[in-house]
Structures are given as C-alpha cells and as structure tokens.
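I have placed the structure first, in the form of structure tokens, so that the comments after it can refer back to it.
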Amino acid sequence: VTVHFQEVPHFPAEGVFNTGFPRLGALLKQYPRLTMFGHADAFWANVSADAPKDVAYPTGPIRPGGLTDRWLAEFPNLYGDMSANSCNNCLYRDPEFMRGFLERHQDKLIFGSDCPCTDGHGTGVTADFVHRTKGKCLARETLTLLKQLTTPEVFTKVTWTNGTRLLKLASV
C-alpha cells in the first residue's frame, strides 16, 4: 500500500490527504504483514524531529530523531517511496544528514519518479511547489541528488534492486 501523507494544502482549496501522520506507528505495529510505502510531504518532512505542522516543504537542517527515520528502522513493513517534490526537497535540504539516512535505510528506500514533466526536461509541469526545480525534470533532479549522496551500490539498491525484490519481479 502506498499512502500519500499530506497535512498541508499546496494551494487554496486543495485540501489535505491522510492526516494524522504521528498515528502511523500504531498502524504499522497493528498490521505487521501489511507492506506500506510512505510517500509525500508529511512522510518526508518527518525525517526531521522538528517537522513543522504548517509547511509542506521545510527548509534548513534536519534534526535527528524524526518519526520517519525512527519508523523505517523500527518497522520491517515500512518502506520509503522516494518520488515527488517531497523526497527531492528532503534530499536537498540537508545533504550531510541525508547521506547517513540513505546509508541506514538503503534496503528500505525505493526510487519512484512521480514526475509531472512530459519530456525528461521539465516540459509540461503544471504546478511549481519547489521553485529550485522549476523548468527541470523532477525525476532527473532526484536521481542526480541520489548519485551525489550515495555509493554506486546504494544507488543501485534504491533505483532498482529494492523495488524488484519487494514487488517480486524477475531480475534481468
């Protein structure tokens, strides 16, 4: 199951999705056979222990001890979907912290593009939530950050091996 955790609207009248992120730990504990992929703003903002309640894409240093970081270590049934602006923002905001995070959770993270561009170069993007990626392919930007922050072995796990293992796809 992939769950979009968004507790802050991105634009007026958008609304929120799957609020109550701090309750996720109890759900993971109650259903240990459920494989869950965390995704979106609240999942990635909560890598930091001081995740703001009113900002979808926080900036600045990540404070150790965030719920997402703890739960990825604690619950074997939780995985991180590294797609969209939310993960890209998390990777970009504190590269030093994220190097350690990626190393710690290298077997629990899966790259997904969730990219709105139509050509791999940023064309066709209708919403711009993170201005530094404006006019760029979000998937390409995230892959570039992953390459900079990991070893080739970890990069391969996150972009290929973990997904094929979890989804039980035959390797080529």
Side-chain angles (χ1 to χ4, degrees), residues 1-7 17-52 56-115 130 133 138-172:
V1 174
T2 300
V3 180
H4 182 101
F5 295 104
Q6 180 181 326
E7 301 204 1
F17 305 92
N18 304 310
T19 61
F21 183 75
R23 298 188 312 255
L24 177 61
L27 180 71
L28 292 165
K29 189 174 187 175
Q30 184 176 359
Y31 297 99
R33 292 184 3 192
L34 172 70
T35 300
M36 180 172 287
F37 295 90
H39 166 79
D41 313 356
F43 183 83
W44 288 105
N46 278 282
V47 165
S48 184
D50 61 356
Y57 302 107
T59 58
I62 293 173
R63 197 172 108 213
L67 293 174
T68 299
D69 197 8
R70 288 191 346 231
W71 289 340
L72 282 168
E74 183 178 343
F75 296 105
N77 54 332
L78 178 64
Y79 296 85
D81 167 26
M82 301 190 75
S83 65
N85 283 317
S86 50
C87 178
N88 180 281
N89 182 69
C90 192
L91 292 169
Y92 181 81
R93 71 183 270 208
D94 191 341
E96 279 311 306
F97 179 89
M98 290 308 292
R99 273 189 184 87
F101 177 90
L102 292 163
E103 180 68 27
R104 278 191 303 285
H105 304 299
Q106 63 183 285
D107 296 320
K108 306 281 300 281
L109 302 171
I110 300 167
F111 172 76
S113 67
D114 194 9
C115 182
V130 180
T133 59
L138 184 60
R140 188 181 305 270
E141 292 297 305
T142 300
L143 287 169
T144 298
L145 285 168
L146 280 171
K147 274 194 171 183
Q148 292 169 356
L149 297 173
T150 62
T151 64
E153 294 79 21
V154 172
F155 182 82
T156 299
K157 282 183 177 184
V158 170
T159 59
W160 181 257
T161 312
N162 292 344
T164 57
R165 175 179 45 86
L166 285 166
L167 299 173
K168 296 175 178 49
L169 301 173
S171 287
V172 289

Note to self: Does any part of the side chain of L78, heavy atoms only, come nearer than 4.5 Å to the side chain of F43, both counted from C-beta?
What the structure shows: yes
Check: Minimum heavy-atom separation for L138 to A84, with atom names?
Finding: CD2-C, 3.4 Å
Item checked: CE on M82 to NE2 on H105, rounded to 0.5 Å -> 10.5 Å
Item checked: Nearest atoms (heavy-atom pairs only) where D94 meets I62 -> OD2-N, 2.7 Å
Check: Sequence neighbours excluded, which residues qualify as ring pair (Phe, Tyr, Trp, His ring centres under 6.0 Å) partners of F5?
Finding: F21
Margin query: List the residues meeting ring pair (Phe, Tyr, Trp, His ring centres under 6.0 Å) with H4, not counting sequence neighbours, and say none if there are none.
Written below: F17, H39
Margin query: Using the rule given for side chain to side chain contact (heavy atoms under 4.5 Å, CB included), can you reason through V158 versus L146, listing the C-alpha separation, both sets of side-chain angles and the distance that settles it, and then say yes or no?
Written below: CA-CA 9 Å; V158 170; L146 280 171; 4.0 Å; yes
Next item on the list: For R93 and G60, indicate whether the former's side chain and the latter's backbone hold a donor-acceptor pair under 3.5 Å.
Entry: yes
Check: Considering residues at least two apart in sequence or located in another chain, which fulfil the ring pair (Phe, Tyr, Trp, His ring centres under 6.0 Å) criterion with Y79?
Finding: F37
Item checked: Gap separating the CG atom of L24 from the CH2 atom of W71, nearest 0.5 angstrom -> 5.0 Å
Notebook entry, point to check: Do side-chain atoms of N162 reach the backbone of I110 as a donor and acceptor pair under 3.5 angstrom?
Noted result: no
Notebook entry, point to check: So, for N77 and Y31, which heavy atoms are closest and what is the spacing to 0.1 Å?
Noted result: ND2-O, 3.0 Å
Checklist line | Heavy-atom side-chain contact between L28 and E74 under 4.5 Å | finding: no
Next item on the list: Any chance you could measure N85, atom CG, to Y57, atom OH, to the nearest 0.5 Å?
Entry: 4.5 Å
Next item on the list: Please round to the nearest 0.5 Å and tell me the distance separating atom CG of D41 and atom CG of N89.
Entry: 9.0 Å
Notebook entry, point to check: Do any N or O atoms from the side chain of R165 and from the backbone of T161 form a donor-acceptor pair under 3.5 angstrom?
Noted result: no
Next item on the list: Work out which heavy atom in G20 is nearest to a heavy atom in E7; give both atom names and the distance.
Entry: N-OE2, 2.7 Å
Item checked: A49 to G65 - nearest heavy-atom pair and separation -> CB-C, 3.7 Å
Item checked: Pairwise distance CD(E96) to CG(L149) - rounded to 0.5 angstrom -> 8.5 Å
Item checked: Closest approach of Q106 to K157 (non-hydrogen atoms, all atoms of both residues) -> OE1-NZ, 2.9 Å
Note to self: Closer than 3.5 angstrom, by distance alone: can the side chain of N46 be matched with the main-chain N or O of A42 as a donor-acceptor pair?
What the structure shows: yes
Checklist line | CG-CZ distance between L91 and F101, expressed to the nearest 0.5 angstrom | finding: 8.5 Å
Check: Heavy-atom distance under 4.5 Å between the side chains of D69 and F97, does that happen here?
Finding: yes
Item checked: Check: D81 main-chain N/O paired with W44 side-chain donor or acceptor under 3.5 Å -> yes
Next item on the list: Answer yes or no: is there a donor N or O on one side and an acceptor on the other, between the side chain of K108 and the main chain of L72, under 3.5 Å?
Entry: yes
